[in-house]
Amino acid sequence: RGTAEYKLGLGDRLGNSVKLYLQSLGADPRRLETLSKGSTDAKQGGGDAEWAKDRRVDFVELKKQ
């Protein structure tokens, strides 16, 4: 469903959209980072339900030590 380059670009656009949305809610942009994995973690084969699972944004909270 697209080349690796396409998937990386799609991931970048999705991540940046979520980042802008969080900023609009008041999140500090200095505390937000994006990382697109593109197809590196994508499932191979399967149907639309499996592909939909790969179109997501994950949040990771980093705690200060």
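Quick note: residue numbers are just sequence positions, from 1. Remember, predicted model here, so these are calculated numbers, not experimental data.
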Salt bridge (Lys or Arg N to Asp or Glu O under 4.0 Å) pairs touching residues 8-29, sequence neighbours excluded, are D28-R30
Looking at OG of S36 and CG of L14, how far apart are the two atoms once the value is rounded to the nearest 0.5 Å?
8.5 Å
Single-linkage hydrophobic cluster L32~V18, side-chain heavy atoms < 4.5 angstrom:
yes
